[in-house]
Amino acid sequence: QVQLVESGGGLAQPGESLKLSCEASGFAFRLYGVGWYRQAPGKSRELVATLHQDGHTVKYADSVKGRFTISRDNAKEMLFLQMNSLKLEDTAVYYCNAFALSRQYWGQGTQVNVSS
């Protein structure tokens, strides 16, 4: 059974940091590209960051460049998103994603609230 389970969301103040984790199971994680997406209230889901299976090819949304870092641990089959210098507009449900050719898997999401 394919599963992606996010954790690490919560409440933070502007300028603070949070680290999201995503634990994968049920598929060959190391062969998949991975990513984080987010969906704010009333908005469509948007890409935050992706990391290809080579572990080096990275893409970030302009809004998070320099603040967020995506990483993976293939041995532990985990994906991470380090979020620094959080802003109010980072408030959203964050989803982890794994993709390969025509296959794509999603987690259930974890809520991040940035509020002063």
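Linking ILVMFWY side-chain heavy atoms closer than 4.5 Å, directly or via other members, places Y105 and V5 in two distinct hydrophobic clusters. Linking Ile, Leu, Val, Met, Phe, Trp and Tyr whenever their side-chain heavy atoms come within less than 4.5 Å leaves F99 and L47 in two separate clusters. Y37 and Y32 fall into different hydrophobic clusters, defined by Ile, Leu, Val, Met, Phe, Trp and Tyr side-chain heavy atoms under 4.5 Å apart, directly or through other members. Under a hydrophobic-cluster definition in which Ile, Leu, Val, Met, Phe, Trp and Tyr are linked whenever side-chain heavy atoms come within less than 4.5 Å, directly or via other members, L11 and L86 are assigned to different clusters.
The distance from atom CG of L20 to atom CD of Q82, rounded to the nearest 0.5 Å, is 9.0 Å. Here the CG-CD distance, from N74 to Q53, works out to 9.0 Å after rounding to the nearest 0.5 Å. Between R38 atom CZ and E89 atom CD the span is 8.0 Å, to the nearest 0.5 Å. Separation of atoms CZ (R30) and CG (D54) is listed at 15.0 Å; rounding is to 0.5 Å. To the nearest 0.5 Å, the span separating CZ on R103 from CG on L101 amounts to 8.5 Å. Here the OG-CG distance, from S71 to L79, works out to 7.0 Å after rounding to the nearest 0.5 Å.
The aromatic rings of W106 and Y95 stand perpendicular to each other, their planes meeting at an angle above 60°, with 30° marking the opposite boundary. By the 30° and 60° cut-offs, the orientation of the rings of F68 relative to Y94 is tilted.
At a threshold of 4.5 Å between non-hydrogen side-chain atoms, the residues E23 and E77 do not count as touching. Side chains of M83 and D90 form no contact here, defined as non-hydrogen atoms less than 4.5 Å apart. A heavy-atom distance below 4.5 Å is not found between the side chains of K87 and V114. Between R67 and Y60, every side-chain heavy-atom pair lies at or beyond the 4.5 Å cut-off. Annotation: side chain of L88 is in contact with side chain of P14 (closest heavy-atom distance under 4.5 Å). You'll find the side chain of L51 stays beyond 4.5 Å of the side chain of F80, heavy atoms only.
Using a distance-only test at 3.5 Å, with no hydrogens or angles considered, no donor-acceptor pair links the side chain of Q13 to the main chain of S116. Between the E6 side chain and the Q108 main chain, a donor and an acceptor come within less than 3.5 Å of each other.
The two residues L4 and C96 make their nearest non-hydrogen contact at CB-SG, 3.6 Å.
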- Message: Under the criterion side chain to side chain donor-acceptor pair (under 3.5 Å), I'd like the reasoning laid out for N84 against S17: C-alpha separation, chi angles, the key distance, then a yes or no.
- Response: CA-CA 4 Å; N84 298 330; S17 299; 2.9 Å; yes
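In this structure, R72 is positioned above the aromatic face of F29, its NZ or CZ under 6.0 Å from the six-membered ring centre and within 45° of the axis.
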